[in-house]
Amino acid sequence: MKDKVVIITGSGGGIGKATAIAFCKRGAKVMLNGRNAEKLAKTEELLRGMGFTVAAHAADITNFEDCKILVQKTLDTFGRLDVLVTNASLSMRARFDEMSPEAFKTVLDSNLYGSIMPIYAALDAITASKGSIVLIGSVAGFYGLPSASAYSTGKTALTAFSQSLRAELTPKGVHVGIVYVGFTENDDDKRVLDAQGNLVPVAARSRLIQQTQEQVAQSIVNLTARRRNRVVLSAIGKSLAFIVRFFPSVVHYGIQWSQRKFKDMYSEKNTEGGVEP
Ligand SMILES: NC(=O)c1ccc[n+]([C@@H]2O[C@H](COP(=O)([O-])OP(=O)(O)OC[C@H]3O[C@@H](n4cnc5c(N)ncnc54)[C@H](OP(=O)(O)O)[C@@H]3O)[C@@H](O)[C@H]2O)c1
């Protein structure tokens, strides 16, 4: 990764920030991104203070014009682009029958077009460097989870998209990888969308079922460096991938059982035992 230039969307905080640090530790130069310019500036300052080569540009990655500017700023600053990690996303906690169509569209846009638009914008530069496109998926993309319909829909679509892209770009020497992230520790200020489209705090959940952001970041860097196609993270993620593939009805009945047993966990009012992926 030495001197490789990497854009990581949604890297002002959370897994994106940890991934930026992990790439920098391997000698990469990183363009940070997010919408909140203040948060982004703090992260940029922190990483510069650690001796890393970084820049930052606030942009909404669901907007193609914003994405083109983000890529151009990267080329102007660092002269090339080798890796794009499409990490930014908005999660949710709302039943479909209670959710407004606008809220559904916001979450789906964020998780689907929020990956596709930056890739459109970065395609020429990454093809020129024979670099990598790394999508951040979720175990919620293996099976549609309750209270997460728009999120699961977006994450599931990323699998097909990554496969089409890989089929087209492999002959051009471009690597396309996807990382299926499992439950991971969240920043305290992480927000998800409720049924009315309000940003609400993410519910707390046990550390025992979560990976650290640093573990996830390391897996993202490893997949990129080894140019691997896919990796599934966490014990829960690996188990779910296996069960969904070979025993899908077990997953269906398991979810029905857990909704009856842990009714509150799926409620919009929930503040503990969160299931937002
Ligand atoms: N945490 C988990 O348990 C978990 C599980 C499975 C998968 N994942 C995936 O891992 C990735 C990172 O998750 P996370 O937990 O780190 O989430 P997070 O803390 O909410 O971070 C996401 C970042 O994306 C940015 N963002 C959101 N919408 C954006 C937009 N339209 N344009 C630009 N930036 C945008 C946000 O910053 P601004 O508000 O400044 O825009 C935020 O810093 C996501 O793809 C998520 O789906 C996470």
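Distance alone, capped at 3.5 Å, places no donor-acceptor pair between the Lys73 side chain and the Ala55 backbone. A donor-acceptor contact shorter than 3.5 Å links the side chain of Lys238 to the backbone of Val232. A donor-acceptor pair is defined here as one N or O able to donate and one able to accept, closer than 3.5 Å; such a pair exists between the side chain of Asn111 and the backbone of Leu90. Judged by distance alone, the side chain of Thr9 and the main-chain N or O of Ala88 form a donor-acceptor pair under 3.5 Å.
What you find for Asn87 and Ile136 is that their closest heavy atoms are CA-CG1, 3.7 Å. The minimum heavy-atom distance linking Thr224 with Val134 is given by the pair OG1-CG2, 3.5 Å. Scanning all heavy atoms of the two residues, the minimum distance from Met92 to Tyr151 falls at SD-N, 3.5 Å. Minimum interatomic distance between Thr43 and Ser11 (heavy atoms only, all atoms of both residues): CG2-O, 3.7 Å.
One side chain, Gln213 or Asp187, offers a donor N or O that lies under 3.5 Å from an acceptor on the other.
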Q) Asp189 and Arg191: salt bridge (charged side-chain N to carboxylate O under 4.0 Å, His left out), yes or no, with the steps? A) CA-CA 6 Å; Asp189 63 353; Arg191 296 289 180 269; over 6 Å; no
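Interatomic distance, Ile21 CD1 to Leu46 CG, rounded to the nearest 0.5 Å: 6.0 Å. Note that NZ of Lys17 is 9.5 Å distant from CD of Glu214, once rounded to the nearest 0.5 Å. If you take CD on Gln259 and OG on Ser147, they are separated by 7.0 Å, rounding to the nearest 0.5 Å.
Classification of Asp66 and Lys68 as a salt-bridged pair fails, no side-chain N sitting under 4.0 Å from a carboxylate O.
With sequence neighbours left out, the salt bridge (charged side-chain N to carboxylate O under 4.0 Å, His left out) criterion links Arg245 to no other residue. For Phe104, the ring pair (Phe, Tyr, Trp, His ring centres under 6.0 Å) test picks out Phe96, with sequence neighbours left out.
Counting only residues at least two apart or on different chains, the side-chain hydrogen bond (donor to acceptor under 3.5 Å, both in side chains) pairs with a member in residues 55-64 are Asp60-Thr62.
The aromatic rings of Tyr180 and Phe142 sit tilted relative to each other, their planes meeting at an angle between 30° and 60°.
Within the 4.5 Å cutoff, the side chain of Leu193 has no heavy atoms near those of the Asn198 side chain.
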